Amino acid sequence: MDHFSYRQGIYHAEGVAIPALAEAIGTPFYCYSSATLTHHYRVFHDALASLNPRICFAVKANSNLGVLATLNRLGAGADVVSEGEARRALAAGIPAEKIVFSGVGKTKDEMRFALEQGIFQFNVESDRELRALSEVATHMGVKAPVALRVNPDVDAATHAKISTGKKENKFGIAMDHAADVYALAAMLPGIRVVGISVHIGSQLTSLAPFRTAYRKLRELVLQLRDAGHPITRIDLGGGLGVPYLQRDAAPPAPAEYAAIVRETMGDLGATLMFEPGRLIAGNAGILVTRVLYVKQAAEHLYVIVDAGMNDLMRPALYDARHEILPVREGGASPTTLTVAGPVCESSDVFAKDISLPLPAEGELLALRTAGAYGASMANSYNSRLLIPEVMVNGSDYALTRPRPTYDAMLAAEQLPWWM
Ligand SMILES: *Cc1c(COP(=O)(O)O)cnc(C)c1O
């Protein structure tokens with residue numbers, strides 16, 4: 001469910017007409033719907049409400065301050081993977097005691113920063129990282145609250161680049177090695193063991209891998225508790241998928257997911273934590289782009305738009321597909337065409353041979369489900385200006401990240417001193 005729809009033939013974000021935004025901001029841009037963000041957060045929260053969940057939004061999915069502040073107001077915490085993300089979460093008002101620090105390669109500087117802030121939990125991914133964290137904490141005279149991230153060796157059946165829970169992936173500690181690393185954690189002076197965590201991948205469209213992983217995790221929790229480790233928090237990660245194309249089967253509903261959590265974790269008396277990213281933000285954002293040119297090349301009819309793979313990397317990176325809609329309904333009858341960006345790479349294609357009314361030059365298109373892993377991955381390849389982000393709330397809008405100027409782009413660099 002989302003709040004993007006046609007009104008009198010014009011695509012709207014809530015009460016705001018997309019052409020009006022394009023006029024005000026220029027294209028391309030991301031547009032987020034507050035109501036949709038709120039809806040998705042509430043649906044997820046309410047499904048789990050009886051389990052008293054701690055929901056830490058995965059900031060890497062969308063790190064826009066407006067999005068984070070909106071979620072903060074709803075009570076969300078944050079799951080961060082760098083000091084930069086931690087600073088964003090804090091700047092958006094999310095208190096440190098609701099922030100979890102994940103990631104396989106935290107630096108000591110990042111650990112120090114997080115400890116100074118009083119972060120809720122570090123999810124630690126190796127014995128080496130554990131030793132480094134203990135050292136940093138000991139120097140500061142504190143103990144770092146730690147959950148070890150274990151790797152349950154399950155196939156998440158998602159795209160290889162976003163599968164994280166197989167034993168060959170770089171993430172987590174192998175389950176059969178976990179007891180040893182917990183024993184180490186119990187001995188290290190700067191570590192306070194508080195729990196365990198798992199995250200098996202992203203864009204999961206089936207619940208079976210969650211059930212398998214959570215059953216394995218449950219067994220491990222019982223064993224670790226028997227060994228005397230205080231596993232009082234269980235962080236179950238994120239990963240629930242969202243529908244990208246109209247023809248896609250509906251992904252698992254949060255309520256069905258919650259049933260699995262209840263079945264596997266409900267009686268453990270632990271604080272349950274969740275790190276959804278895509279599920280909250282995915283359908284809450286669209287990418288708006290303008291058609292520059294239409295050109296025929298061999299057997300493909302290309303529609304060249306002003307957004308590129310630097311603005312939305314998912315198609316080039318993950319072979320992802322986004323639903324593409326004309327902002328003005330009721331153009332020509334559908335034809336087969338390929339939508340491509342201006343970046344000098346053959347992978348800068350958003351959709352190949354899709355059926356869409358042939359747009360005229362200057363027309364606007366909307367790429368749906370672009371609220372997660374869209375703007376947060378955007379870059380300025382080809383020296384294109386970083387794409388702006390706008391937030392809509394009812395009939396209001398606010399530019400939460402303006403498009404930089406070319407002067408700002410150039411001012412960020414300098415010639416070597418000898419030139
Ligand atoms: C990416 C990530 C998430 C969020 O995944 P989604 O698929 O967006 O829900 C949660 N936890 C960790 C550790 C991650 O790396």
Side-chain angles (χ1 to χ4, degrees), residues 48 51-56 77 79 96-104 106 108 111-112 114-115 118-154 164-165 167 169-200 210-237 260-275:
L48 292 159
L51 295 165
N52 206 10
R54 269 184 178 257
I55 299 172
C56 297
D79 169 49
E97 58 270 26
K98 283 185 171 181
I99 300 178
V100 175
F101 198 167
S102 297
V104 71
K106 305 172 193 79
K108 286 187 172 177
M111 292 170 176
R112 201 169 298 118
L115 285 168
I119 206 150
F120 184 65
Q121 177 173 306
F122 290 86
N123 290 352
V124 170
E125 304 220 9
S126 68
D127 54 343
R128 300 300 304 168
E129 185 196 339
L130 194 63
R131 286 180 191 276
L133 179 58
S134 178
E135 235 173 75
V136 173
T138 309
H139 271 135
M140 295 171 66
V142 297
K143 280 180 182 283
V146 163
L148 294 184
R149 174 170 175 183
V150 295
N151 182 326
D153 191 25
V154 299
T164 58
K167 64 177 186 292
N169 295 133
K170 69 179 177 180
F171 298 102
I173 295 161
M175 282 230 162
D176 52 14
H177 192 208
D180 291 345
V181 186
Y182 272 98
L184 171 67
M187 278 171 40
L188 289 172
I191 300 296
R192 177 166 63 92
V193 170
V194 295
I196 194 163
S197 78
V198 71
H199 171 72
I200 58 174
F210 285 115
R211 186 181 276 116
T212 308
Y214 292 176
R215 281 187 179 153
K216 288 186 172 188
L217 188 66
R218 174 194 177 79
E219 288 312 305
L220 184 59
V221 167
L222 296 174
Q223 285 168 27
L224 291 169
R225 283 179 173 175
D226 279 348
H229 301 294
I231 310 297
T232 61
R233 302 178 192 162
I234 304 177
D235 181 342
L236 295 169
I260 289 176
V261 173
R262 209 169 286 116
E263 162 197 322
T264 52
M265 304 287 159
D267 61 341
L268 292 178
T271 299
L272 298 180
M273 300 165 57
F274 301 87
E275 303 170 345

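It should be emphasised that the depicted structure is a prediction, and the values quoted were computed from it without experimental measurement.
- In this structure the side chain of Leu184 reaches within 4.5 angstrom of the side chain of Arg131, judged on heavy atoms.
- Without hydrogens or angle criteria, Tyr214 side chain to Leu236 main chain gives a donor-acceptor distance under 3.5 Å.
- Side chain of Ser134 to backbone of Leu188: no donor-acceptor contact under 3.5 angstrom is found.
- Nearest heavy-atom pair, Ala178 versus Val150, reported as atom, atom and distance to 0.1 Å: CB-CG1, 4.0 Å.
- Annotation: cation-pi pair Lys106/Phe122 absent, no NZ/CZ under 6.0 Å from the ring centroid and within 45° of its normal.
- Counting only N and O atoms by type, the side chains of Ser102 and Asp79 include a donor and acceptor under 3.5 Å apart.
- Ile231 approaches Ala270 most closely through the heavy-atom pair O-CB, 4.4 Å.
- Rounding to the nearest 0.5 angstrom, the gap separating the CG atom in Asp153 from the CD1 atom in Ile200 is 11.0 Å.
- Remark: Glu135 engages Lys108 in a salt bridge, criterion side-chain N to carboxylate O under 4.0 Å.
- Salt-bridge formation is detected for the pair Asp267/Arg218: a Lys NZ or Arg NE/NH1/NH2 atom is positioned less than 4.0 Å from an Asp or Glu carboxylate oxygen.
- Distance CD/Glu125 to NE2/His199: 10.0 Å, rounded to 0.5 Å.
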*Determine, step by step, whether Thr271 and Thr232 satisfy the side chain to side chain contact (heavy atoms under 4.5 Å, CB included) criterion, reporting the C-alpha distance in whole Å, the side-chain angles of both residues, the deciding distance to 0.1 Å, and the verdict.*
CA-CA 6 Å; Thr271 299; Thr232 61; 5.7 Å; no
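- Residues Asp226 and Gln223 are not in side-chain contact: their nearest non-hydrogen atoms beyond the backbone lie 4.5 Å or more apart.
- The closest side-chain heavy-atom distance from Val100 to Ile119 is not below 4.5 Å.
- Here the OG1 atom belonging to Thr264 is positioned 11.0 Å from the CD atom belonging to Glu219, to the nearest 0.5 angstrom.
- Distance CZ/Phe210 to CD1/Ile260: 8.5 Å, rounded to 0.5 Å.
- Between the CZ atom of Arg149 and the CD atom of Glu129 there is a distance of 10.5 Å, given to the nearest 0.5 Å.
- Looking at heavy atoms from C-beta onward, Arg211 lies in side-chain contact with Glu263 at the 4.5 angstrom threshold.
- Contact record, Ala147 with Val194: N-CG2, 4.3 Å, taken as the closest heavy-atom pair.
- Counting non-hydrogen atoms of other residues, nucleotides and ligands closer than 6.0 Å to CZ of Arg225 gives a total above 12.
- Counting only heavy atoms from C-beta outward, the side chains of Asn52 and Leu272 never approach each other to under 4.5 Å.
- With hydrogens and angles ignored, the 3.5 Å screen pairs a side-chain donor or acceptor of Lys216 with a backbone N or O of Pro152.
- One finds the CE atom of Met273 at 13.5 Å from the CG atom of Leu48 (value rounded to the nearest 0.5 Å).
- Nearest heavy atoms, Ile173 versus Val124: CD1-O, 4.0 Å.
- You'll find the side chain of Glu275 reaches within 4.5 Å of the side chain of Asp235, heavy atoms only.
- A donor-acceptor pair under 3.5 Å is formed between the side chain of Asn151 and the backbone N or O of Phe171.
- Side-chain contact between Gln121 and Val146 is absent, with no heavy-atom pair separated by less than 4.5 Å.
- Figure legend: cation-pi geometry between Arg233 and Phe120, with NZ or CZ positioned under 6.0 Å from the six-membered ring centre and within 45° of its axis.
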